[in-house]
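The next block holds one structure in the form of structure tokens; read it before the comments.
Predicted model only: the values in this text are computed from it and were never measured.
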Amino acid sequence: MISAQAWADTRRLWDYHQMGHSARPCSVAIGLGSHDLGVADTAVALYMRGMAPLLVFTGATSPTTQERMPRGEAVHYRERALELGVPSSAVLVEPRARNTGENIRFSRSLLEEAGIDVSSALLISKPYEERRAYATARKSWPEVEIVSASTPMTLDEYVDSIQDARLVIDMLVGALQRLLIYPDQGFMIRQPVPNDVMEAYERLCREGFTSRLLTTDKPSG
């Protein structure tokens, strides 16, 4: 059983991880690879609304995606975008990135090699990864204005989509840990964490929602 306090703490983390940015037209929209094809769907929806003239999908495979996306996350995202009506000329694929830092760095290099001038970027991620994506991009691509986006949904809707409440809480806790420790590793800018969010995080850790916490001194970025 998950206590009422744990759910309240989870909602605090959920709200904190989302940046609350309003989508606006940007030079490019970048879909960060994951197990969630909803990232591609949201990128396409933003493209169709005229929020970006070009989509970049970035991501290799991981242990959690190699069966569902054997050709690579970015490739499957691209295929989904084409199915939804995006012309192939409006989609670039970056198939090597294995973490958020590489997503940003490799996408930046791809766009530079293509001669595309980027002054602003829409970063599309899973809902609980908005702040991590933003903080990472602000570190490695500081001259570009970053707008974070994700599929609009509530925590309850996200839990229903994953069908594993404990896993969702573990992921939210793990995402916050990275926001706390990655700035010291040089992976992202530091984000202020309100006291109530920090207290919620610490309570959830004590309750055992720790499967996604890093235990190594060499995080993956």
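- M19 and W141 end up in the same hydrophobic cluster when Ile, Leu, Val, Met, Phe, Trp and Tyr side chains are linked at under 4.5 Å.
- Between L213 and V173, some side-chain heavy-atom pair lies under the 4.5 Å cut-off.
- Contact detail for L32 and Y77: the closest heavy-atom pair is O-OH, 3.4 Å.
- Taking CZ of R105 as the start and NZ of K139 as the end, the distance is 12.0 Å to the nearest 0.5 Å.
- Cluster annotation: Y182 is not connected to Y134 through the hydrophobic network of ILVMFWY side chains, with a link wherever side-chain heavy atoms come within less than 4.5 Å.
- R178 has its side chain within reach of L214: a pair of non-hydrogen atoms, C-beta onward, lies under 4.5 Å apart.
- The CD atom of E129 sits 9.0 Å away from atom CE of M171, with the distance rounded to the nearest 0.5 Å.
- From L37, atom CG reaches atom CE of M69 across 4.0 Å, with rounding to the nearest 0.5 Å.
- Tested against L204 for a side-chain contact (heavy atoms from CB on, under 4.5 Å), the candidates T10, L172, L176 yield a single pass: T10.
- Using a 30° and 60° split on the angle between ring planes, W14 and Y158 fall in the tilted class, from 30° to 60°.
- Other residues, nucleotides and ligands place no more than 12 heavy atoms under 6.0 Å from the CG atom of N195.
- Between R98 and S62 the shortest side-chain heavy-atom distance does not fall below 4.5 Å.
- Shortest non-hydrogen contact noted between E130 and S148 is O-OG, 3.1 Å.
- Side-chain contact annotation: T58 with E94, donor-acceptor N/O pair under 3.5 Å present.
- Note: the hydrophobic cluster containing L92 does not contain L46 (ILVMFWY, side chain heavy atoms under 4.5 Å, direct or indirect links).
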Quiz item: Step by step, would you call K126 with T151 a side chain to side chain contact (heavy atoms under 4.5 Å, CB included)?
Solution: CA-CA 7 Å; K126 299 185 293 298; T151 304; over 6 Å; no
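- Scanning both residues, A97 and N103, for their nearest heavy atoms gives CB-ND2, 3.2 Å.
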Exercise. Applying side chain to side chain contact (heavy atoms under 4.5 Å, CB included), run through H35 and I162 and close with a yes or a no.
Key: CA-CA 11 Å; H35 64 274; I162 300 297; 4.0 Å; yes
Practice problem: Could you please spell out the steps behind the side chain to side chain contact (heavy atoms under 4.5 Å, CB included) verdict for H21 and L122? | Solution: CA-CA 10 Å; H21 291 169; L122 268 170; over 6 Å; no
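- A pairwise comparison of heavy atoms in D170 and S211 identifies OD2-OG, 2.7 Å as the closest pair.
- Atom CG of residue L13 and atom CG of residue L179 lie 9.5 Å apart, to the nearest 0.5 angstrom.
- Judged by distance alone, the side chain of R108 and the main-chain N or O of S140 form a donor-acceptor pair under 3.5 Å.
- V56 and V91 fall into different hydrophobic clusters, where Ile, Leu, Val, Met, Phe, Trp and Tyr residues are linked whenever their side-chain heavy atoms come under 4.5 Å apart, directly or through other members.
- Atoms OG1 and CG, on T154 and D160 in that order, are 7.5 Å from each other to the nearest 0.5 Å.
- In this structure, the side chains of R132 and M188 come closer than 4.5 Å at one or more pairs of heavy atoms.
- With contacts defined as side-chain heavy-atom distances shorter than 4.5 Å, the pair R212/Q177 does not qualify.
- Between E79 and R71, some side-chain heavy-atom pair lies under the 4.5 Å cut-off.
- The two residues Y47 and A52 come nearest to each other via the heavy atoms CD1-O, 3.2 Å.
- In this structure, L123 CG and R138 CZ are separated by 11.0 Å, a value rounded to the nearest 0.5 Å.
- At a threshold of 4.5 Å between side-chain heavy atoms, the hydrophobic network of Ile, Leu, Val, Met, Phe, Trp and Tyr places M51 and L111 in two separate groups.
- Shown here for R166 and G208, the closest heavy-atom pair between the two residues is NH2-O, 3.9 Å.
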Quiz item: Can you list the steps and then say if R24 with V147 is a side chain to side chain contact (heavy atoms under 4.5 Å, CB included)?
Solution: CA-CA 8 Å; R24 65 167 188 80; V147 179; 4.2 Å; yes
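- Using a 4.5 Å heavy-atom threshold, the side chains of T42 and S150 count as separate.
- Ion pairing between a basic and an acidic side chain is recognised when a charged N comes within 4.0 Å of a carboxylate O; D9 and R203 show such pairing.
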